[in-house]
Participant: 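The structure's right below; bear with me while I get my questions together.
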Amino acid sequence: MTMQTWFPAAKLGIFIHYGIYAVDGVPESWSFYWGEVTHERYMKQLDGFTASAYDPAAWAELFARVGAKYAVLTARHHDGVALWDTAQGDLGVVHRTPAGRDLITGYVDALRERGLKVGLYYSHSDWNHPDYASVRHPEIDLWTNEHPGGNDANPYSHAAPGEEDPAAWERYLAYRDGQVGELVQRFRPDLLWFDGEWERTEQQWRIRELAELILRENPDTVLNARMLSYGDYATPEQGVPLEAPEGPWELCLTINDSWGFQHADHNHKSVRQLVRYFAETIGMGGNLLLDVGPRADGTIPAEQVERLEGLGAWIRRHSDAVYGTAAGLPAGHHYGPSTLSADRRTLYLTCFDVPRESVAVRGLRNPVTKVTVLGTGTELGHRVIGGLDAVPGVTWIDAPAEADLDPYATVLAVELEGELDLYRGSGRD
C-alpha cells in the first residue's frame with residue numbers, strides 16, 4: 001500500500017491511553033498480568049469508570065491548538081475492555097461500567113470537526129478472553145529459558161504445554177476480526193495502531209487476512225508496524241533512535257513515565273525536554289506521538305495539558321521549521337537537529353543551548369543568501385572560512401542576541417542559493 005501523504009506531513013500526534021486502569025491508577029493491563037494487583041481487583045475498576053467529565057470536543061480543541069494533526073485512542077487494550085458498543089461479547093464500558101455509553105463515536109466526530117486524522121489503538125492480544133490463552137508462540141519456551149525469571153508464558157496469554165486448543169484459537173481470531181471489522185466499518189479510522197503482536201507469529205495472527213479485511217473496507221487506512229509485514233511505518237518507543245528507521249516512522253513518548261493515568265507518577269518531562277524530543281524526531285524525518293493519560297472521569301491532568309500547551313506554543317513560533325519540511329542535515333554538519341524546506345532551499349537549524357559567538361555548519365556547498373532568527377526575523381551575519389578543492393569551508397553564522405533567543409530552543413532559517421548540496425567526503429588524502 002502507498003503511504004498516505006498526510007502521515008509523514010503530520011509531525012505531531014497525540015496518543016491517548018484511556019481505560020478502566022485509570023480508576024486505581026495501575027499500569028494498563030500489565031498490572032494483573034505481572035501480578036502487581038490481582039485480576040479481581042483490576043476488573044473491579046469497571047465499577048468506578050464513570051467518564052463523567054469526558055468531553056471529546058475539548059480534547060480535540062486542545063490537540064488542534066497545540067499543533068497535532070492526528071490522535072490515537074486506545075479502543076481496546078490487552079485487558080479486553082472495549083470503549084465502544086461491541087457485538088463481540090459484553091466486556092466494555094457500555095455494558096459493564098457506570099459510563100454506560102460508547103466513547104469512540106464522540107471522539108471520532110470531534111477530531112473530524114477539527115480537521116484531525118482519526119487513529120484507533122487495538123491490541124491483537126486479549127488477556128481476558130476465554131479463548132485467547134489456547135495456543136503458544138513456537139519460541140515461547142526458548143524465550144523463557146533465556147530470560148531467568150521471565151513470565152512470558154503467563155496463563156493469561158499462553159496455553160500450558162500440551163494443552164493447546166486450536167478450535168478455541170479459531171474462535172478467538174473470529175472475535176478479533178469481528179471487533180476490528182466493527183471499528184473499520186463504524187468509524188473508518190484513518191489509522192489503526194495495533195499492539196500485542198509479540199505474543200504470536202505472523203502466521204498465527206493471520207496478519208495477511210486481517211490486513212485484507214481492513215483494506216477491503218477502507219483502502220486508505222494507515223497501519224503501524226505491529227501489523228508486521230503489512231505495517232506502513234515503524235513505531236519506536238520512549239527514546240529517539242540514533243538512526244532513523246527506514247521509511248516513515250513515529251516516536252511514541254509518554255509525558256511522565258506512564259501511558260495511562262497513575263496517581264503517583266509526577267515525573268513529568270519539562271517543556272524544554274519535550275521540545276528537544278520533538279525537534280530531534282522531526283529532524284530525523286519522524287513524527288512524535290505524545291501520550292496523555294486521562295483520569296477515569298475523562299479529564300486530562302493539568303500537568304500534561306500544561307506541557308502540551310508549552311510544546312504547542314514553541315511549534316507555533318517555529319511552524320515554518322516544522323510543517324512542510326523533511327529531515328535535515330545528517331549528524332556532524334550541525335550540532336543539533338535541523339529540518340529542510342520542501343523546496344530544499346532553506347535549512348532550519350535548531351540550537352538547544354545558547355550559541356556562543358557563532359553557529360557553524362560544515363560541508364555546505366551552497367552559498368548562503370540570508371540567515372534569520374525564526375520567530376523574530378532578525379538577520380544574522382554569516383561568512384565562509386577555509387575550504388580546499390572539493391572540500392567546502394565552514395559556514396559561520398553570527399550568534400543571535402539575547403533578545404532573539406527562544407527560552408526552549410532557538411531556530412535559525414538559513415536560505416540557500418539553489419537546493420541543498422552537501423559535501424560528504426573524507427577530505428584530501
Side-chain angles (χ1 to χ4, degrees), residues 7-17 62-72 119 121 193 224-225 233-245 247-260 262 265-293 300-331 334-340 348-354 374-375 405-412:
F7 182 83
K11 308 304 180 184
L12 179 65
I14 305 296
F15 215 172
I16 313 157
H17 275 69
L62 171 65
F63 302 160
R65 190 169 71 248
V66 303
K69 302 302 181 183
Y70 66 109
V72 178
Y121 166 112
W193 209 105
N224 73 336
Y233 69 95
T235 54
E237 292 187 28
Q238 297 290 55
V240 181
L242 296 181
E243 293 185 8
W249 63 282
E250 164 194 83
L251 172 65
C252 316
L253 184 74
T254 53
I255 291 181
N256 52 9
D257 293 330
S258 308
W259 296 103
Q262 293 191 32
D265 186 355
H266 303 295
N267 191 31
H268 295 90
K269 298 172 182 67
S270 66
V271 173
R272 181 172 286 105
Q273 288 172 325
L274 293 176
V275 166
R276 182 180 288 257
Y277 276 109
F278 179 70
E280 289 175 343
T281 298
I282 67 171
M284 294 172 67
N287 292 346
L288 178 63
L289 185 65
L290 188 58
D291 180 75
V292 296
I300 299 173
E303 299 91 340
Q304 297 189 2
V305 172
E306 175 188 349
R307 282 154 177 80
L308 289 180
E309 297 274 18
L311 174 61
W314 185 88
I315 291 173
R316 283 193 298 277
R317 289 194 297 271
H318 303 93
S319 60
D320 287 351
V322 175
Y323 304 115
T325 65
L329 298 169
H334 160 63
Y335 290 102
S338 60
T339 56
L340 181 64
Y348 298 100
L349 309 178
T350 300
C351 304
F352 294 127
D353 300 316
V354 176
L374 207 58
L405 297 175
D406 186 271
Y408 301 124
T410 303
V411 179
L412 309 183

Participant: Would you find a donor on one side and an acceptor on the other, under 3.5 Å apart, between the side chain of Asp265 and the backbone of Asp257?
Facilitator: yes
Participant: Within the structure provided, determine whether Cys351 and His334 are in side-chain contact (heavy-atom separation under 4.5 Å).
Facilitator: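 A side-chain contact exists here, since the closest heavy-atom pair is under 4.5 Å.
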Participant: Please check if atom OH in Tyr335 has more than 12 non-hydrogen atoms from other residues, nucleotides or ligands closer than 6.0 Å.
Facilitator: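 No.
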Participant: Taking the side chain as everything from C-beta on, heavy atoms only, tell me whether Ile14 gets closer than 4.5 Å to Leu62.
Facilitator: no
Participant: Is there side-chain contact between Val240 and Leu251, with heavy atoms separated by less than 4.5 Å?
Facilitator: yes
Participant: Is the closest side-chain heavy-atom distance between Trp259 and Glu237 below 4.5 Å?
Facilitator: yes
Participant: Heavy atoms only: give me the nearest Ala327-Gly285 pair and the separation to one decimal.
Facilitator: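 Closest approach of Ala327 to Gly285, heavy atoms only: CB-N, 3.6 Å.
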Participant: If you look at every heavy atom in Lys269 and Arg307, which pair is closest and at what distance?
Facilitator: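 Between these two residues, the closest heavy atoms are O-NE, 2.6 Å.
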Participant: Taking atom types as modelled, is there a side-chain donor on Asn224 or Thr235 under 3.5 Å from an acceptor on the other?
Facilitator: no
Participant: Does some side-chain heavy atom of Glu250 sit less than 4.5 Å from a side-chain heavy atom of Leu288?
Facilitator: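 No, every pair of side-chain atoms sits at 4.5 Å or beyond.
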Participant: Quick one, Leu290 and Ile255 - any side-chain contact, counting heavy atoms below 4.5 Å?
Facilitator: yes
Participant: Which residues pass the salt bridge (charged side-chain N to carboxylate O under 4.0 Å, His left out) test with Asp291, sequence neighbours left out?
Facilitator: none
Participant: Look only at the side chain of Gln304 and the backbone of Pro301, and say whether a donor-acceptor pair between them is shorter than 3.5 Å.
Facilitator: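 Pair absent, no side-chain N/O of Gln304 close to backbone of Pro301.
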Participant: Just how far is it from atom NZ of Lys11 to atom CZ of Phe278, taken to the nearest 0.5 Å?
Facilitator: 8.0 Å
Participant: For the pair Arg272 (side chain) and Phe352 (backbone), establish whether a donor and an acceptor sit closer than 3.5 Å, ignoring hydrogens and angles.
Facilitator: no
Participant: If I take atom NE2 from residue His17 and atom SG from residue Cys252, how far apart are they, to the nearest 0.5 angstrom?
Facilitator: 8.5 Å
Participant: Of all residues at least two apart in sequence or in a different chain, which pass the ring pair (Phe, Tyr, Trp, His ring centres under 6.0 Å) check with Trp314?
Facilitator: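 Here the qualifying residues are His318.
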Participant: Could you check whether any side-chain heavy atom of Tyr70 comes within less than 4.5 Å of a side-chain heavy atom of Leu289, counting everything from C-beta outward?
Facilitator: yes
Participant: Quick one: does Leu12's side chain get under 4.5 Å of Phe63's, heavy atoms only?
Facilitator: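 No - every pair of side-chain heavy atoms lies 4.5 Å or more apart.
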